[in-house]
Amino acid sequence: MSFVNAVDMTQDAYKNHYAIGAFNTNNLEWTRCILKGAQETNTPVILQVSMGAAKYMGGYKLVMDLVADTMESMNITVPVVMHLDHGNYEAAKECIEVGFSSVMFDGHDLPFAENLEKTKEIVKLAHAKGISVEAEVGSIGGEEDGIIGEGELASVDEAKTLAATGIDILAAGIGNIHGKYPENWTGLHFDRLQEISDAVKMPMVLHGGSGIPKDQIVKAVEMGISKVNVNTENQVAFANATRAYIESGADQIGKGYDPRKLLAPGKKAIVDVITSRIGWFKTPAVK
């Protein structure tokens with residue numbers, strides 16, 4: 001089964017008030033876990049990679065080929081989007097060239113006029129090949145591949161202007177952050193989400209979906225969020241499960257040190273997070 005772009009699935013999610021889970025891969029194990037979670041729930045999924053993770057894994061083409069080959073070996077039948085997460089201009093162009101089915105051009109750290117022009121260029125290049133485009137306005141808090149965002153609220157006017165470039169999905173800062181949420185985090189700004197949703201009337205993305213309470217995610221989805229990004233939650237679950245395995249001494253028993261055994265608890269933890277979050281997002285099963 002080949003990759004699909006994110007247009008139809010996010011449009012349907014927007015119209016029917018559910019969201020698609022977008023889960024970041026970091027290696028082969030992550031890839032298999034994401035695909036396993038989607039197949040077990042029989043739901044479409046957005047499998048995405050950041051610039052840093054792609055560099056770690058060996059480049060965008062290798063990542064794309066790895067995902068495609070893994071889909072084939074696992075007999076994956078649900079729709080899968082191969083998406084670039086938080087790509088700069090050059091990364092977005094490279095992913096369009098190698099065959100990703102969706103890209104995010106993140107120009108939030110550029111002057112808005114430059115973000116706008118580069119977004120238009122990416123839209124033109126991507127849409128010519130049937131590739132969907134996500135773009136961002138307003139900084140998402142926390143750190144993503146060395147880019148640190150303050151987490152300011154996106155401007156409604158800028159969101160409307162960026163949406164008019166022809167992008168398919170809009171990411172907007174509404175108090176969400178990457179990484180772990182601090183104890184003094186005050187929550188999502190639903191008033192700004194409503195203002196932006198009313199202005200753009202299109203699928204929107206909730207970055208930093210890890211750590212946001214379920215009730216806030218459910219509410220955001222009802223208000224127009226059609227894609228929810230999850231990465232840190234899987235990393236933490238994997239680390240905790242792996243730590244528990246080693247601290248129990250299981251790696252010292254027989255061939256417990258075998259990486260296939262050592263990584264198994266962490267892999268199960270990732271799948272558990274993914275299937276749980278798909279339930280939160282109310283993603284319907286594929287018919």
Side-chain angles (χ1 to χ4, degrees), residues 1-7 9-10 20-39 43-107 122 125-126 129-136 143-147 168-169 171 178-179 205 207 209-210 227-235 237-239 259 263 266-267 270-271 273-274 277:
M1 186 175 188
S2 59
F3 299 122
V4 299
N5 66 36
V7 176
M9 66 172 65
T10 54
I20 307 295
F23 304 98
N24 287 60
T25 187
N26 295 282
N27 55 29
L28 172 62
E29 284 74 27
W30 247 258
T31 299
R32 290 183 63 85
C33 291
I34 295 167
L35 294 174
K36 179 178 173 63
Q39 190 67 35
T43 54
V45 69
I46 297 172
L47 195 154
Q48 55 189 30
V49 67
S50 68
M51 293 190 299
K55 182 178 180 180
Y56 169 77
M57 293 172 70
Y60 299 111
K61 186 177 186 307
L62 188 150
V63 172
M64 185 188 71
D65 290 344
L66 170 68
V67 175
D69 290 347
T70 303
M71 287 170 59
E72 182 179 359
S73 71
M74 293 178 66
N75 297 314
I76 299 301
T77 59
V78 297
V80 178
V81 176
M82 184 70 248
H83 181 71
L84 170 66
D85 185 32
H86 287 285
N88 60 22
Y89 181 67
E90 294 303 324
K93 287 201 299 181
E94 183 175 349
C95 288
I96 290 169
E97 185 64 29
V98 302
F100 276 47
S101 62
S102 185
V103 296
M104 177 190 184
F105 167 57
D106 183 356
I122 294 299
L125 292 171
K129 294 189 174 185
I131 298 168
S132 52
V133 178
E134 174 185 342
E136 180 175 322
E143 181 179 351
E144 182 78 19
D145 283 347
I147 299 175
D168 305 292
I169 327 167
H178 293 120
V205 187
H207 282 255
S210 299
K227 172 178 180 276
V228 181
N229 287 16
V230 178
N231 185 23
T232 300
E233 217 150 19
N234 283 332
Q235 293 180 342
F238 178 86
L263 299 177
K267 290 168 61 180
I270 294 173
V271 175
V273 170
I274 289 171
R277 294 305 172 267

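What's counted below: heavy atoms across the whole structure, side chains too, no hydrogens, waters or symmetry copies.
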From [atom1] ([X]) to [atom2] ([Y]), nearest 0.5 Å:
| X | Y | atom1 | atom2 | answer |
| --- | --- | --- | --- | --- |
| I270 | E233 | CD1 | CD | 12.0 Å |
| L263 | N27 | CG | CG | 8.0 Å |
| M57 | S50 | CE | OG | 9.5 Å |
| L125 | I131 | CG | CD1 | 9.0 Å |

Do [X] and [Y] come close enough that some side-chain heavy atom pair is under 4.5 Å?
| X | Y | value |
| --- | --- | --- |
| R277 | V228 | no |
| N24 | Q235 | no |
| M74 | Q39 | no |
| I46 | M9 | yes |
| I122 | I96 | yes |

Under the rule for side chain to side chain contact (heavy atoms under 4.5 Å, CB included), what residues qualify as partners of [X], not counting sequence neighbours?
| X | answer |
| --- | --- |
| A91 | M51, Y60, L84, N88 |
| L62 | none |
| A135 | T119, L162, I167 |

According to ring-ring contact (aromatic ring centres under 6.0 Å, His included), who are the partners of F238, at least two apart in sequence or on a separate chain?
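So F238 forms a ring-ring contact (aromatic ring centres under 6.0 Å, His included) with W30.
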Main-chain N/O of [Y] paired with [X] side-chain donor or acceptor, under 3.5 Å:
| X | Y | result |
| --- | --- | --- |
| T70 | R32 | no |
| N5 | S132 | no |
| S101 | M82 | yes |

The criterion is salt bridge (charged side-chain N to carboxylate O under 4.0 Å, His left out); which residues satisfy it with K55, sequence neighbours excluded?
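Applying salt bridge (charged side-chain N to carboxylate O under 4.0 Å, His left out) to K55 gives none.
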The criterion is salt bridge (charged side-chain N to carboxylate O under 4.0 Å, His left out); which residues satisfy it with K267, sequence neighbours excluded?
none
Residues in side-chain hydrogen bond (donor to acceptor under 3.5 Å, both in side chains) with [X], at least two apart?
| X | answer |
| --- | --- |
| D65 | K61 |
| T31 | T25 |
| D168 | H127 |
| K93 | none |

Run through H86, Q48, H83 and flag the one making a side chain to side chain donor-acceptor pair (under 3.5 Å) with E134.
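With E134 as partner, side chain to side chain donor-acceptor pair (under 3.5 Å) holds for just one option, H83.
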Can you pull the salt bridge (charged side-chain N to carboxylate O under 4.0 Å, His left out) pairs that have at least one residue in residues 22-31, sequence neighbours excluded?
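Sorted result for residues 22-31: empty, none.
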